[in-house]
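Some notes on the structure that comes next.
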Amino acid sequence: MKAPWVSIESFPLHLGEEVVVKGWLANKRSSGKVAFLIVRDGTGFAQATGAVGEFFTRSELKEMAKVPLQSSIILQGVVRKDDRAPGGYELALSHFQVVAEAEDYPIQNKEHSVEFLLENRHLWLRSQKPHAVLRIRNQVIMGLHQFLQENGFTLIDPPILTPAACEGTTTLFELDYFDLGKAYLSQSGQLYMEAAASAFGKVYCLAPTFRAEKSKTRRHLTEFWMLEPEAAFFDWQDNMELQEQLVSFVVGRILDSCQEELATLERDLTPLTKIKTPFPRISYEQAIEILKAKGFSAEWGDDFGGDEETAISEEFDRPVFIHHYPAQIKAFYMQPDPDDTRLVLNDDLIAPEGYGEIIGGSQRIHDYQLLKNKLEENNLPLEAFQWYLDLRKFGTCPHSGFGLGIERMVAWISGIHHIREAIPFPRQIYRIYP
RNA sequence: UCCUCGGUAGCUCAAUGGUGGAGCAUCCGGCUGUUAACCGGAGGGUUGCAGGUUCGAGUCCUGCCCGGGGAGCCA
């Protein structure tokens, strides 16, 4: 086949031209002397038509119609506009070649159980909805990089194998590390980003993190990706400004570049178009008041669950910051509020439409003695944190950062129910296959 | 970990304690514009596993296994 190989996505640019498409047979219909093949090539879906006549005999067409779904194929033909074709364009076939015949394909164009689809995730990726979600994920990640790079942040990769907990309380995946005892899969790159911030000023990482919590909700995975910017000389308010600019930038980018994907997912765009800075800011105490007014039995010192987060987010048409939480329910490294040391200079960013917390950030403790006291209060091993304490001895400064959950962000923007669909191969407490 | 719902053909589901079925998929045949195409025919079963009750268990009981939904915890 000598015609140029083009993507289905680019069909409108090749109207009237003879082209080659390489892909897979997604669906087919035939009626004796005409065959309709739906081909996908990773960039889109297109209908190809073959007819008895100039290019195909009746028996050739019959063989074409017998090729099993998901077989890999190479097609050649002329791109033409036709309102009867899904998508408006179709390929009038002149050549048809099977690269490899597929066996019976288990996923059909109908309802399947969640269990079945997850068991076949390696094939399910080919279906339109997962395909659209993961294209949005791609654009979200590219948008995060773009914004941070354009604003002076340097990408610094954190280690995945770590010697100790970054946050003492959460459960860690443990493994044997040669003769050096136990090592753990990282549950955050933050502490290493703090080291990097004193070297590069403004830094970030985008890396997988692992939590061995037996959480079983639509907002949890045991392996998930987190973006963690950290900036020297940023206070907690600089930190929130960075967060809102980053989130609104990425949402804007998705609205520009993923219209087709959002349409496939039937995402209501109205709430997304309202995501503009500044985001509302409320204190933890104000959040408690809102919850009480809505009939929740919220008391000072309680943390918020999914229902509480949803109730608070309903009061606003864009993501909302909740700041100044009680220190007792937050991590050891957060800077106490100088005006009320029961509180810390932190913020959670709650996404709209019930998608919950997508960011947790704070100003970090920069004083050596205060940090040492906090480590001891939390019964954390000082030896393992010696390097972290060191950062407070050699030119310490106020600094802040945050962690953004990639899958929660993608799930929110995509409007999907469960974050396991926002990652190619989800890891959950009862699932490690495929 | 707790609460709750479920497991029957490749898939989605039926079947009053009394001969396990249907639609889709697959295979065979038909059809010149299909849109989850349509029409006709065929094959396809250790009812999650192990016990128990019963003349008789997919169905009732006990235990286990595997999942779904939710809670707590968190991003």
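The figures here come from the full heavy-atom set of this structure, side chains too, leaving out hydrogens, waters and symmetry mates. Every chain is numbered from 1, with letters handed out A, B, ... down the list of sequences.
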- Exam field: side chain A:Gln149 to backbone A:Gln146, donor-acceptor pair closer than 3.5 Å: no
- Do any N or O atoms from the side chain of A:Ser198 and from the backbone of A:Ala195 form a donor-acceptor pair under 3.5 angstrom? no
Please classify the nucleic acid contact of [X] as base, sugar-phosphate, or nothing, using heavy-atom distances under 4.0 Å.
{"X": "A:His112", "answer": "sugar-phosphate"}
{"X": "A:Arg218", "answer": "sugar-phosphate"}
{"X": "A:Asp104", "answer": "sugar-phosphate"}
{"X": "A:Glu357", "answer": "sugar-phosphate"}
{"X": "A:Glu119", "answer": "nothing"}
{"X": "A:Ser113", "answer": "sugar-phosphate"}
{"X": "A:Asp82", "answer": "base"}
{"X": "A:Glu228", "answer": "nothing"}

- Query: Which dot-bracket notation, 5' to 3', represents the base pairing of RNA chain B when pairs are defined as Watson-Crick or G-U with both distances under 3.5 Å, crossing pairs as [ ], and inter-strand pairs as |?
  - Reply: (((((((..((((....[..)))).(((((.......))))).....(((((..]....))))))))))))....
Distance-only check: which donor-acceptor pairs under 3.5 Å involve side-chain atoms of residues 279-291 of chain A, not counting sequence neighbours?
| residue | atom | partner | partner atom | Å |
| --- | --- | --- | --- | --- |
| A:Arg281 | NH1 | A:Glu244 | OE1 | 3.0 |
| A:Arg281 | NH1 | A:Phe279 | O | 2.9 |
| A:Arg281 | NH2 | A:Glu244 | OE2 | 3.1 |
| A:Ser283 | OG | A:Glu285 | N | 3.4 |
| A:Ser283 | OG | A:Gln286 | N | 3.1 |
| A:Ser283 | OG | A:Gln286 | OE1 | 3.3 |
| A:Tyr284 | OH | A:Gly301 | N | 2.9 |
| A:Tyr284 | OH | A:Asp302 | N | 3.1 |
| A:Tyr284 | OH | A:Asp302 | O | 2.5 |
| A:Gln286 | OE1 | A:Ser283 | N | 2.7 |

- B:rU16 versus B:rA50 - spacing of their C1' atoms, nearest Å: 28 Å
- Query: With rounding to whole Å, what would you report as the distance between B:rC55 and B:rG69 at their P atoms?
  - Reply: 43 Å
- Below 4.0 Å: OP1/OP2 of B:rG69 and any side-chain N or O of A:Arg420: yes
- Message: What I want to find out is whether A:Glu223 reaches A:Arg211 closely enough, with some N-O distance under 4.0 Å, to be called a salt bridge.
- Response: no
- Note on the structure: Walking RNA chain B from its 5' end, the first of A:Ile358 and A:Pro86 to be reached, judged by nearest nucleotide, is A:Pro86
- Query: Where each residue is assigned the nucleotide of RNA chain B containing its nearest heavy atom, which of A:Ser31 and A:Asn27 is assigned the position nearer the 5′ end?
  - Reply: A:Ser31
Would you tabulate the side-chain donor-acceptor contacts of residues 412-425 of chain A under 3.5 Å, counting partners in other chains and residues two or more places apart, or write 'none'?
| residue | atom | partner | partner atom | Å |
| --- | --- | --- | --- | --- |
| A:Ser414 | OG | A:Val410 | O | 2.8 |
| A:His418 | ND1 | A:Arg420 | N | 3.1 |

- Query: Is there aromatic stacking of A:Tyr430 against B:rG67, centre distance under 5.5 Å, plane angle under 30°?
  - Reply: no
- Query: Quick one: the side chain of A:Arg408 and the base of B:rC74, do they pair up donor-acceptor inside 3.5 Å?
  - Reply: yes
- Message: Counting distance alone, no hydrogens or angles: does the base of B:rC73 have a donor or acceptor under 3.5 Å from a partner atom on the side chain of A:Ser215?
- Response: yes
- Message: Among B:rG30, B:rC73, B:rU34, which nucleotide has an atom closest to any side-chain atom of A:Lys62?
- Response: B:rG30
- Message: Which label fits A:Phe153 and A:Phe234: parallel for a plane angle under 30°, tilted from 30 to 60°, or perpendicular past 60°?
- Response: perpendicular
